[in-house]
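Please read the structure below before turning to the comments.
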Amino acid sequence: MKIALGSDHAGFPLKKEIMEHLKSQNIEFKDFGTFSEDSCDYPDFAEKVGEQVVSKNCEFGILVCGTGIGISISANKIPGIRAALCSDTFSAHACREHNNANILALGQRVVGAGLANDIVDTFLSAEFQGGRHQRRIDKITDIENRWRSRNE
Ligand code: RB5
């Protein structure tokens with residue numbers, strides 16, 4: 001399993017904690033920036049990580065900004081990305097089981113490092129349940145396709 005990681009400046013410290021945590025578990029990852037706490041724009045990193053996930057270079061993505069909101073909204077603009085903003089472990093397994101989320105978004109100003117790492121572990125170990133949930137995912141894809149052609 002390979003994870004694509006990204007954050008803006010506000011999420012940078014939490015992303016570092018998560019990278020240490022993944023390293024301690026020998027989980028392979030690649031950091032797509034940002035690489036400092038200098039001010040930057042979260043959509044840039046959401047797009048880089050989203051691209052890795054839709055192209056299947058990485059199985060999952062983890063994105064961090066101040067709230068997790070802007071970076072998840074941005075990632076969800078990419079067709080095929082289902083980014084879930086989680087601040088609790090229930091949502092972290094439910095978004096995999098029911099929504100087949102492929103990106104986990106976190107807010108550095110919302111969750112501490114201990115909870116964030118538990119959320120990461122829960123997200124990465126949960127599995128999509130398929131069945132009726134697949135039908136709903138297919139409808140999300142239908143929405144993407146309908147609105148893609150409407151914008152052409
Ligand atoms: C940056 O100050 C902040 O707006 C950003 O990290 C994020 O919280 C946006 O949703």
Side-chain angles (χ1 to χ4, degrees), residues 1-25 27-126 128 133 136-137 139-141 143-148 150-151:
M1 169 162 50
K2 189 170 171 191
I3 313 295
L5 282 163
S7 73
D8 70 355
H9 56 290
F12 178 71
L14 180 57
K15 183 181 65 176
K16 277 204 298 192
E17 300 264 10
I18 293 169
M19 289 195 295
E20 286 306 314
H21 183 68
L22 293 175
K23 226 181 268 174
S24 74
Q25 297 183 76
I27 296 175
E28 199 185 348
F29 64 85
K30 188 163 167 31
D31 182 9
F32 290 88
T34 187
F35 301 105
S36 77
E37 289 189 57
D38 295 344
S39 184
C40 61
D41 302 326
Y42 53 80
D44 299 338
F45 306 97
E47 187 171 15
K48 284 180 204 284
V49 166
E51 190 181 2
Q52 291 300 310
V53 174
V54 287
S55 66
K56 299 196 185 328
N57 284 339
C58 293
E59 193 175 340
F60 296 113
I62 299 176
L63 289 169
V64 192
C65 70
T67 58
I69 296 172
I71 211 156
S72 56
I73 291 173
S74 307
N76 279 317
K77 297 298 175 191
I78 301 175
I81 289 300
R82 291 176 300 279
L85 171 57
C86 296
S87 304
D88 62 275
T89 53
F90 178 82
S91 303
H93 66 79
C95 74
R96 287 285 309 123
E97 291 164 357
H98 289 204
N99 314 114
N100 202 9
N102 46 20
I103 291 186
L104 169 66
L106 293 159
Q108 145 104 30
R109 297 172 183 157
V110 182
V111 292
L115 176 56
N117 285 333
D118 281 355
I119 290 171
V120 167
D121 292 346
T122 304
F123 179 89
L124 295 180
S125 58
F128 180 48
H133 303 297
R136 294 161 187 164
I137 304 299
K139 288 191 175 190
I140 295 175
T141 307
I143 293 172
E144 287 173 343
N145 291 336
R146 279 199 299 277
W147 284 86
R148 203 184 346 234
R150 196 182 275 216
N151 289 334

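All residue numbers refer to positions in the sequence shown, counting from 1. In each ligand, atom 1 is the first atom listed, and ligand 1 is the first ligand listed.
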| If you draw a 6.0 Å radius around CD in Glu51, do more than 12 non-hydrogen atoms from other residues or ligands fall strictly inside? | no

| remark: Quick note, ring pair (Phe, Tyr, Trp, His ring centres under 6.0 Å) partners involving residues 50-76, not counting sequence neighbours, are Phe60-Phe123

For ligand 1, run through the N/O pairs with the protein that fall under 3.5 Å and put one pair on each line.
unit_1: ligand 1; atom_1: 6 (O); unit_2: Asp8; atom_2: OD2; d: 2.5
unit_1: ligand 1; atom_1: 6 (O); unit_2: Gly66; atom_2: N; d: 2.8
unit_1: ligand 1; atom_1: 8 (O); unit_2: Gly66; atom_2: N; d: 3.3
unit_1: ligand 1; atom_1: 8 (O); unit_2: Thr67; atom_2: N; d: 3.0
unit_1: ligand 1; atom_1: 8 (O); unit_2: Thr67; atom_2: OG1; d: 3.2
unit_1: ligand 1; atom_1: 10 (O); unit_2: Thr67; atom_2: OG1; d: 3.2
unit_1: ligand 1; atom_1: 10 (O); unit_2: Gly70; atom_2: N; d: 2.9

| field | Modelled atom types, side-chain donor and acceptor of His21 and Glu17, under 3.5 Å | value | no

| said: My understanding is that only residues two or more places apart in sequence, or in another chain, count here; which of them pass ring-ring contact (aromatic ring centres under 6.0 Å, His included) with Phe128? | reply: none

| field | Over 12 foreign heavy atoms within 6.0 Å of NZ, Lys77 | value | no

| task | State which residues pass ring-ring contact (aromatic ring centres under 6.0 Å, His included) with Phe32; sequence neighbours excluded, sorted by chain then number. | result | none

